[in-house]
Every structure is written in structure tokens, then in C-alpha cells.
**Student:** 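Let me begin by handing over the structure; questions about it come next.
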There are 2 protein chains.
Amino acid sequence: MTSHAAAEPIRTAITDEDGIDFAIIELFFFAYRDFTSDPDQILADYGFGRAHHRVLHFVNRRPGLTVAELLDVLKITKQSLARVLKQLIDTDHIVQLQGPRDRRQRELYPTAKGRALALALARPQSRRIHAALEDSGATERAVIERFLEAMVNPELRAQIDIVPAKMSGKSHGDH
Amino acid sequence: MTSHAAAEPIRTAITDEDGIDFAIIELFFFAYRDFTSDPDQILADYGFGRAHHRVLHFVNRRPGLTVAELLDVLKITKQSLARVLKQLIDTDHIVQLQGPRDRRQRELYPTAKGRALALALARPQSRRIHAALEDSGATERAVIERFLEAMVNPELRAQIDIVPAKMSGKSHGDH
DNA sequence: GAAATTATGTCAGCACTATTGACGTATTTT
DNA sequence: AAAATACGTCAATAGTGCTGACATAATTTC
């Protein structure tokens with residue numbers, strides 16, 4: 001049998017020459033890794049993980065969203081959410097209110113405690129972003145925002161636009 | 001203490017007005033989520049996870065790196081790497097060679113099979129990036145690269161530069 | 001009003017990725 | 001010879017995700 005059990009090692013590095021954008025792929029990995037490392041340390045003090053952060057974030061961003069809406073945004077299952085959400089409720093970071101129109105629904109709202117934690121988690125991330133944009137003007141910022149948005153699946157881009165990016169009035173729309 | 005068991009719900013959304021850059025924080029989350037979803041589907045066919053992808057990626061990017069170097073790049077522990085690496089070796093995606101200078105070290109190299117899988121995983125990600133940069137020129141690309149690099153911890157930025165971003169010759173340097 | 005559907009909660013079990021601690025072995029350095 | 005290093009491995013644990021099944025309350029449909 002000439003079939004060496006061990007296949008031949010390839011000694012040359014994979015590079016962009018293969019038509020693949022490894023530069024940005026790798027940058028994205030490192031950037032996100034460090035981006036999430038800041039809040040991770042704070043979360044550890046609470047015995048929370050990244051899942052808690054995400055829930056807390058979106059409940060603060062869209063107070064009153066229902067469990068189903070949250071599942072849709074996070075793209076996880078009900079059972080995965082359950083544990084995390086229960087902990088956040090038990091620790092008074094989030095409260096549930098019965099839906100006004102449909103009483104089966106539970107609208108999720110942050111408490112003052114939950115709002116404070118969300119801000120504390122976002123602060124180092126925002127600081128990092130500001131530092132990265134240090135010498136950048138509005139133009140560069142727009143380029144980056146457009147790029148990130150374009151990286152999101154088109155079908156899901158709607159989720160982003162729901163967020164009150166600029167609410168001058170307090171018109172809640174049709175909710 | 002008037003401690004009502006249920007804390008008051010906050011009904012207003014958290015916004016950038018708090019001095020926090022929620023827009024980019026959120027975009028970054030969605031972008032990375034979808035960015036990783038493409039390879040995740042391919043990996044599922046192999047019974048692999050994201051951890052396998054990361055190992056495979058860096059072994060292809062820096063053939064011959066040692067286990068210790070890999071741990072340093074991934075920022076995980078030896079034990080976490082062990083299973084994943086073993087699987088990749090058992091399935092002939094990666095081979096280990098004894099270090100030439102220090103025989104305690106195991107240099108990691110991709111096989112042809114491992115190289116092919118790394119490319120297959122990178123392809124949809126690269127396609128997504130290209131689509132996102134569709135109408136962008138070199139300037140915009142540079143802005144985005146600079147931003148992503150600036151998001152990485154300064155101490156760790158060295159790891160990125162190690163990567164052969166532009167190798168015209170095949171001079172391996174001092175390795 | 002009864003039946004079907006919907007929104008949510010929960011239980012049980014499983015998989016993957018990560019963690020820490022401890023120990024063994026081969027090899028290099030001191 | 002002793003200490004330090006690189007790596008592998010065993011055992012136990014945590015966090016987060018999954019699927020399937022089932023219960024309850026409320027709404028919608030017939």
C-alpha cells in the first residue's frame with residue numbers, strides 16, 4: 001500500500017491570490033473577538049454570559065418587544081432564551097408586562113438596573129469604536145456603517161431599521 | 001425601603017443620546033452573525049463547528065505554526081484546542097510534523113484536503129465581503145480595513161501583521 | 001360556544017465549545 | 001542532574017445552543 005497514512009503537508013500559506021479576501025475575513029474575526037471581550041469581563045462579575053448581554057441589549061433598544069420578537073432578532077430557539085431570560089428577570093434587570101392588546105404576550109422592559117447594566121456593557125464597546133474612528137470624519141463613518149449593513153443578510157436588514165436610530169418625536173408608530 | 005418586588009419598567013429606548021454608539025455596536029453584531037452563518041452550514045456537513053473552522057483557517061494562513069502559537073492566536077486553552085485539533089488530524093485535514101529546531105514542538109500543516117476545506121469555507125465569506133464592497137473603491141476598502149484593524153487590541157495587532165498579506169517572493173523570512 | 005390556533009413557559013435530554021486542574025512524557029535549557 | 005518547556009491527556013464543569021414534548025392561557029375561527 002503506497003497510500004501513506006499521513007497525507008502530504010502543504011507548506012505554503014493560503015493567500016488572497018486564491019481570489020479570497022482573507023485580509024478582511026481575518027480582520028473581522030480579530031475585531032469581533034476583541035469587541036466582545038470588553039463586556040465579557042463585566043458580565044463575568046454578574047455570572048452572566050454573552051447571551052444575557054444580547055437579550056439585555058435588545059430589550060433596552062426596543063422596550064416592550066415580545067418574546068417572539070426577541071427570538072426572531074436573536075435567531076435562537078425559545079428554549080435557549082428561556083434560561084437566560086429567567087435569570088435576567090429574577091435578578092430584576094428585566095420585567096415582563098402583559099401585552100395590552102394580546103394578553104398572551106409578555107412585553108419585555110428593562111428596569112433601571114437593567115438599563116444601567118446595558119449602558120455599562122456598551123460603554124467600553126463604544127469607547128473602542130470611537131478610538132477606532134479617531135481620525136475619521138462623517139464620511140468614513142458612513143462608509144463603515146454602509147459596509148456593516150451590507151454584510152447583513154438582506155432579509156434581516158429590516159430588523160436593524162426597526163431600531164429607533166433617530167426618533168425626534170415619541171410617536172411609537174402603529175405599535 | 002419601599003422595595004416593590006417588581007421594579008419599574010423603563011419604556012423609552014436606549015439611544016445614541018446616551019453618548020454610546022449603539023448604531024455601530026448593533027451593526028457589528030448583525031454583520032458578524034451573518035458573516036459566520038455561511039461557513040457554519042458547510043461545517044455542519046462535516047460534523048465540525050466554528051472551532052474547527054478557526055483552527056483550519058490559521059493553519060492554512062500560517063503553515064508550520066506550533067500548537068502554542070495557535071493557542072496564542074485563538075486565545076483559547078490547550079484543552080479546548082485538543083479535541084478539535086485531534087479531529088482535524090484524524091480526518092486528514094491537518095498533519096503534525098516534529099519541529100526541526102525544537103523536537104518538542106509540533107508544526108501544524110494543512111493537507112490538500114484541509115486546504116480545500118479552508119477555501120470552501122472562506123469562499124462564501126469572501127463573496128459576502130465583495131458584495132458589501134460592491135460599489136466601493138480602493139479608498140473605501142482602505143477605510144474599512146483601517147477601522148477593523150483599529151478595533152483590535154493594540155497588543156494583539158502584531159498577530160495580524162505576521163500574516164503574509166503581500167508575499168511577492170516566496171522568501172519565508174527567518175523561519 | 002366549541003374548536004383550532006397562537007404566545008408563552010417548562011421539562012428532559014443532548015451536543016459543542018469553552019473552562020480549570022492535574023499529571024505524564026519528551027526535550028531543551030540551566 | 002535539575003528545572004523549565006512543549007505537548008498530550010484525563011476528569012470535571014459551565015455556558016449556550018439544539019430538539020421534542022407537553023401545559024396553560026388567550027385569541028381567533030367556525
Side-chain angles (χ1 to χ4, degrees), chain A residues 29 32-33 36-37 39-59 64-91 94-109, chain B residues 29 32-33 36-37 39-59 64-91 94-109:
Chain A
F29 166 71
Y32 195 76
R33 185 191 64 176
T36 52
S37 70
D40 279 356
Q41 300 203 313
I42 299 171
L43 288 161
D45 299 337
Y46 292 76
F48 290 164
R50 251 177 232 183
H52 300 85
H53 185 187
R54 291 195 284 265
V55 170
L56 200 53
H57 172 89
F58 285 108
V59 169
L65 50 36
T66 64
V67 171
E69 286 167 348
L70 187 53
L71 291 176
D72 192 47
V73 171
L74 297 178
K75 295 268 172 276
I76 59 173
T77 62
K78 185 174 40 160
Q79 295 81 353
S80 297
L81 175 63
R83 258 170 308 194
V84 167
L85 183 56
K86 192 174 188 326
Q87 282 177 277
L88 287 168
I89 291 169
D90 289 346
T91 53
I94 290 178
V95 289
Q96 286 180 318
L97 297 185
Q98 206 171 47
R101 293 175 319 187
D102 186 334
R103 289 187 302 175
R104 288 172 305 181
Q105 294 182 332
R106 305 295 146 83
E107 293 186 343
L108 304 174
Y109 293 92
Chain B
F29 166 71
Y32 195 77
R33 186 190 64 177
T36 52
S37 70
D40 280 356
Q41 301 202 314
I42 299 171
L43 288 161
D45 298 336
Y46 291 77
F48 290 163
R50 248 178 235 184
H52 300 84
H53 185 186
R54 290 195 284 266
V55 170
L56 200 53
H57 172 89
F58 284 107
V59 169
L65 53 34
T66 63
V67 171
E69 286 167 350
L70 186 54
L71 292 176
D72 191 48
V73 170
L74 298 177
K75 294 269 171 274
I76 60 173
T77 61
K78 186 174 38 163
Q79 295 81 353
S80 297
L81 175 62
R83 252 168 311 194
V84 168
L85 183 55
K86 192 175 187 330
Q87 282 178 278
L88 287 168
I89 291 168
D90 289 346
T91 53
I94 290 179
V95 289
Q96 285 180 320
L97 298 184
Q98 205 172 47
R101 292 174 317 187
D102 186 333
R103 290 187 302 176
R104 288 173 304 181
Q105 294 182 334
R106 306 293 146 82
E107 293 187 343
L108 304 174
Y109 294 91

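Please read these numbers as outputs of a predicted model, since none were measured by experiment. Each chain gets a letter, A, B and so on, in the order its sequence line appears, and its residues count up from 1.
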**Student:** Under 3.5 Å, which donor-acceptor pairs link side chains of residues 46-54 of chain B to any protein atom two or more places apart or in another chain?
**Tutor:**
| residue | atom | partner | partner atom | Å |
| --- | --- | --- | --- | --- |
| R50(B) | NE | D40(B) | OD1 | 3.3 |
| R50(B) | NE | D40(B) | OD2 | 3.2 |
| R50(B) | NH2 | T36(B) | OG1 | 3.2 |
| R50(B) | NH2 | D40(B) | OD2 | 2.8 |
| H52(B) | ND1 | G49(B) | N | 2.9 |
| H52(B) | NE2 | Q87(B) | OE1 | 3.0 |

**Student:** Among all residues two or more places apart in sequence or in another chain, which pass the salt bridge (Lys or Arg N to Asp or Glu O under 4.0 Å) test with R103(B)?
**Tutor:**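 For R103(B), no residue satisfies salt bridge (Lys or Arg N to Asp or Glu O under 4.0 Å) once neighbours in sequence are set aside.
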
**Student:** Give me the distances for all protein-to-nucleotides 14-16 of chain C N/O pairs that come in under 3.5 Å?
**Tutor:**
none

**Student:** For D90(B), give me all partners under salt bridge (Lys or Arg N to Asp or Glu O under 4.0 Å), at least two apart in sequence or on another chain.
**Tutor:**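 Partners of D90(B) by the salt bridge (Lys or Arg N to Asp or Glu O under 4.0 Å) criterion, ordered by chain and then number, come out as K86(B).
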
**Student:** Name the closest nucleotide to the V67(A) side chain, picking from dT8(C), dG8(D), dT19(C).
**Tutor:**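 The nucleotide sitting nearest to the side chain is dT8(C).
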
**Student:** Atom CG of L65(B) and atom P of dC7(D): how far apart are they, to the nearest Å?
**Tutor:**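 In whole Å, dC7(D) P and L65(B) CG are 10 Å from each other.
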
**Student:** Using whole Å, report how far CG of L85(B) lies from P of dA18(C).
**Tutor:**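 L85(B) atom CG is separated from dA18(C) atom P by 13 Å.
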
**Student:** Quick one: list whatever passes side chain to side chain donor-acceptor pair (under 3.5 Å) with T91(A), sequence neighbours left out.
**Tutor:**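 Applying side chain to side chain donor-acceptor pair (under 3.5 Å) to T91(A) gives H93(A).
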
**Student:** May I have the distance from L81(A) (atom CG) to dC18(D) (atom P), rounded to whole angstrom?
**Tutor:**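 Spelled out: CG on L81(A) to P on dC18(D) is 10 Å.
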
**Student:** Which whole-number value in Å describes the distance from L88(B) CG to dG8(D) P?
**Tutor:**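 Rounded to the whole Å, the gap is 13 Å.
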
**Student:** Compare the minimum distances between each of dC18(D), dA18(C), dT16(D) and the side chain of A51(A), then state the nucleotide with the smallest one.
**Tutor:**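 Nearest listed nucleotide: dT16(D).
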
**Student:** For nucleotides 26-30 of chain C, which of its nitrogen or oxygen atoms have a protein nitrogen or oxygen under 3.5 Å away, and what is each distance?
**Tutor:**
| residue | atom | partner | partner atom | Å |
| --- | --- | --- | --- | --- |
| dT27(C) | O2 | R104(B) | NH1 | 3.3 |
| dT28(C) | OP1 | R103(B) | N | 3.2 |

**Student:** For T77(A), give me all partners under side chain to side chain donor-acceptor pair (under 3.5 Å), at least two apart in sequence or on another chain.
**Tutor:**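 Once residues adjacent in sequence are excluded, the partners of T77(A) under the side chain to side chain donor-acceptor pair (under 3.5 Å) criterion are S80(A).
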
**Student:** For nucleotides 19-24 of chain D, just jot down a letter per nucleotide in 5' to 3' order: B, S or -, based on protein non-hydrogen atoms under 4.0 Å.
**Tutor:** BBB---

**Student:** Please report the distance, rounded to the nearest Å, between CG in L108(A) and P in dA7(C).
**Tutor:**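 My rounded result for the distance is 14 Å.
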
**Student:** How close do E107(B) and P100(B) get, heavy atom to heavy atom, and via which atoms?
**Tutor:**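 The pair with the smallest heavy-atom distance is OE2-CD, 3.2 Å.
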
**Student:** Which residues satisfy the salt bridge (Lys or Arg N to Asp or Glu O under 4.0 Å) test with K75(B), sequence neighbours excluded?
**Tutor:**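 Here the qualifying residues are D72(B).
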
**Student:** With sequence neighbours excluded, tell me which residues meet side-chain contact (heavy atoms from CB on, under 4.5 Å) with I89(B).
**Tutor:**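 Expected list: L85(B), I94(B), Q96(B).
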
**Student:** Could you check how far CG of L71(A) sits from P of dG17(D), rounded to whole Å?
**Tutor:**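 Answer to the nearest Å: 11 Å.
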
**Student:** Could you state the CG-P distance from D72(B) to dC7(D), rounded to the nearest angstrom?
**Tutor:**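 Roughly 12 Å, once rounded to whole Å.
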
**Student:** Have a look at Q87(B) and say if it touches a base, only the backbone sugar-phosphate, or nothing, with a 4.0 Å heavy-atom cut-off.
**Tutor:**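 Nothing, no nucleic acid heavy atom in range.
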
**Student:** For R104(A), check salt bridge (Lys or Arg N to Asp or Glu O under 4.0 Å) against everything at least two apart and list the hits.
**Tutor:**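 If we apply the salt bridge (Lys or Arg N to Asp or Glu O under 4.0 Å) test to R104(A), skipping adjacent residues, the hits are D102(A).
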
**Student:** Using the side-chain contact (heavy atoms from CB on, under 4.5 Å) criterion, which residues pair with L71(A)? Sequence neighbours excluded.
**Tutor:**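 Residues passing side-chain contact (heavy atoms from CB on, under 4.5 Å) with L71(A): V67(A), I76(A), K78(A), L81(A).
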
**Student:** Using a cut-off of strictly less than 4.0 Å, decide whether R54(A) has a side-chain nitrogen or oxygen near OP1 or OP2 of dG17(D).
**Tutor:**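 Yes, such a contact exists.
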
